[in-house]
There are 2 protein chains.
Amino acid sequence: MKDNNDMPGHLARRFQQIAVAVFLAEVGDAGFDLTPVQYAALATIKANPGLDQVTLAGLIAYDRTTITGVIDRLVQKGLAERRASSRDRRARELEITDEGRRTLRKITPAVESAQRIMLRGLSAKEGEDLMRLLHKAIAAGNELSRAPLREAQA
Amino acid sequence: MKDNNDMPGHLARRFQQIAVAVFLAEVGDAGFDLTPVQYAALATIKANPGLDQVTLAGLIAYDRTTITGVIDRLVQKGLAERRASSRDRRARELEITDEGRRTLRKITPAVESAQRIMLRGLSAKEGEDLMRLLHKAIAAGNELSRAPLREAQA
DNA sequence: TACTGATAGTCAGCATACTGAGCAATATCC
DNA sequence: GGATATTGCTCAGTATGCTGACTATCAGTA
């Protein structure tokens, strides 16, 4: 019988599990309390000032019902702001705060360190291969989840 | 600046996200309501009759606080049973039911189909490479999460 | 302009995952 | 044998991530 540990789905779960643990440990050691999900959202808000929640969700492949809570927590920590949009009264425009910018800058080393640690069992070439293969598999499966990656609108 | 989508942690999250969606879709289409996590637990109970919860958790790298709820749901669906252990009154022995065995047998094609679909963007060799690299990275990071993989005790 | 459909966001509910705490039972050490 | 440490399990609390439903708003069209 095929072992669970030989199924790609199970490997995906374990790699993600380790990745999250490593991220939280590194960022925590650096003195910050930010999850991988919150980090990605904050970095994307910084890179796309004034974007709305649906666009943000698309850029990082989060479900729109998940992004609500993530932003709630970023706002509550004073790292981001949520404003009503002037062009579309349904939408909320997101901005990073100065505090958010400071936090992003300070945790960057920890985040980069975490990415290295998750690949520490692999050579540089193997790490690149893994990234490339994950990219390729993800691109092919992008539309299969409820929260696919979406390019920003022009 | 490095894009989120080039970080291994983010790729891990996306691959897992797609893997879960594909699994639920395939198994759901086959007429069953079982999550990837519940499937792995049930298959492992079947392969190791009478094991206790901590051992089960170790075999599939789940946290011990997570396994409680997973087993609750398997028991509630009539797929597994939880009995007091005779040797250790703290422990619970787990058994698969006939219904659980039937379910496992019937959903196997859907589970296998799901594993193929998650790799559909890759050639056979690329799929093998991805599995091998994930294995290697996971082995090196095993102890970094709160729920590492553990071999069964002799 | 009124109708229709689509879109932005939220909410309730459920299932992972984890932290940290606690209880009961077992194992170990003196 | 009794104190101590460890182990198996559970629980409360928090954070993703999803389904499905709902409101408010917008866009397109008859």
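Values in this document were obtained by computation on a predicted structure and should not be read as measured data. Protein chains get the first letters and strands the later ones, always in sequence-line order, with residue 1 at the start of each. All values below come from the heavy atoms of this structure, side chains included, with hydrogens, waters and symmetry mates left out.
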When rounded to whole Å, the CG to P distance for the pair Leu42(B) and dA15(C) reads 16 Å
Salt bridge (charged side-chain N to carboxylate O under 4.0 Å, His left out) filter on Arg87(A), not counting sequence neighbours, yields Glu93(A)
Rounded to whole Å, the CG-P distance (Asp33(B) to dT16(C)) equals 10 Å
Contacts of Val54(B) and Pro36(A) projected onto DNA chain D by closest heavy atom; the upstream (5') one is Val54(B)
Using side-chain contact (heavy atoms from CB on, under 4.5 Å), reason through Phe23(B) and Ile117(B) one step at a time and then give a plain yes or no. CA-CA 9 Å; Phe23(B) 185 101; Ile117(B) 293 173; over 6 Å; no
Across all chains, not counting sequence neighbours, the side-chain contact (heavy atoms from CB on, under 4.5 Å) partners of Val54(A) are Asp52(A)
When rounded to whole Å, the CG to P distance for the pair Leu149(B) and dA17(C) reads 14 Å
Under 4.0 Å between a side-chain N or O of Arg82(A) and OP1 or OP2 of dT10(C)? yes
Side-chain contact test, heavy atoms from C-beta onward, threshold under 4.5 Å: evaluate it for Ile71(A) versus Leu56(A) and give yes or no.
yes
In numerical order, the residues of residues 17-28 of chain B whose heavy atoms come under 4.0 Å of DNA chain D are Gln17(B)
> How would you label the contact of Arg89(B) with the nucleic acid (heavy atoms, under 4.0 Å): base, sugar-phosphate, or nothing?
Replying inline: sugar-phosphate
Contacts of Glu143(B) meeting side chain to side chain donor-acceptor pair (under 3.5 Å) (sequence neighbours excluded), chain-then-number -> Arg150(B)
Q) Val37(B) and Arg73(B): side-chain contact (heavy atoms from CB on, under 4.5 Å), yes or no, with the steps? A) CA-CA 11 Å; Val37(B) 162; Arg73(B) 286 178 280 280; over 6 Å; no
Leu144(B) atom CG is separated from dA17(C) atom C1', nearest whole Å, by 17 Å
Glu126(A) and Arg132(B), any side-chain heavy atoms less than 4.5 Å apart
yes
Are any non-hydrogen side-chain atoms of Arg82(A) and Asp72(A) less than 4.5 angstrom apart? yes
Problem set entry | Residue pair Val111(A) / Met7(B), side-chain heavy-atom distance below 4.5 Å | yes
Between CG of Asp52(B) and P of dT26(C) the distance, given in whole Å, is 13 Å
Outermost contacting nts on DNA chain D, any atom under 4.0 Å from chain A heavy atoms, listed 5' then 3', are dA15(D) to dC26(D)
Atom CG of Leu34(B) and atom C1' of dT16(C) are separated, to the nearest Å, by 14 Å
Only one of Lys77(B), Gln76(B), Glu81(B) passes side chain to side chain contact (heavy atoms under 4.5 Å, CB included) with Leu79(B), and that residue is Lys77(B)
By nearest-nucleotide position on DNA chain C, the 5'-leaning member of Arg13(A) and Glu93(A) is Glu93(A)
From CZ of Arg90(A) across to P of dA6(C) the rounded distance in Å is 13 Å
* Asked: Looking at Asp98(A) and Arg102(A), does any basic side-chain N land under 4.0 Å from a carboxylate oxygen?
  -> no
Per the under-4.0 Å heavy-atom filter, residues of residues 57-78 of chain B near DNA chain D come out as Arg64(B), Thr65(B), Thr68(B)
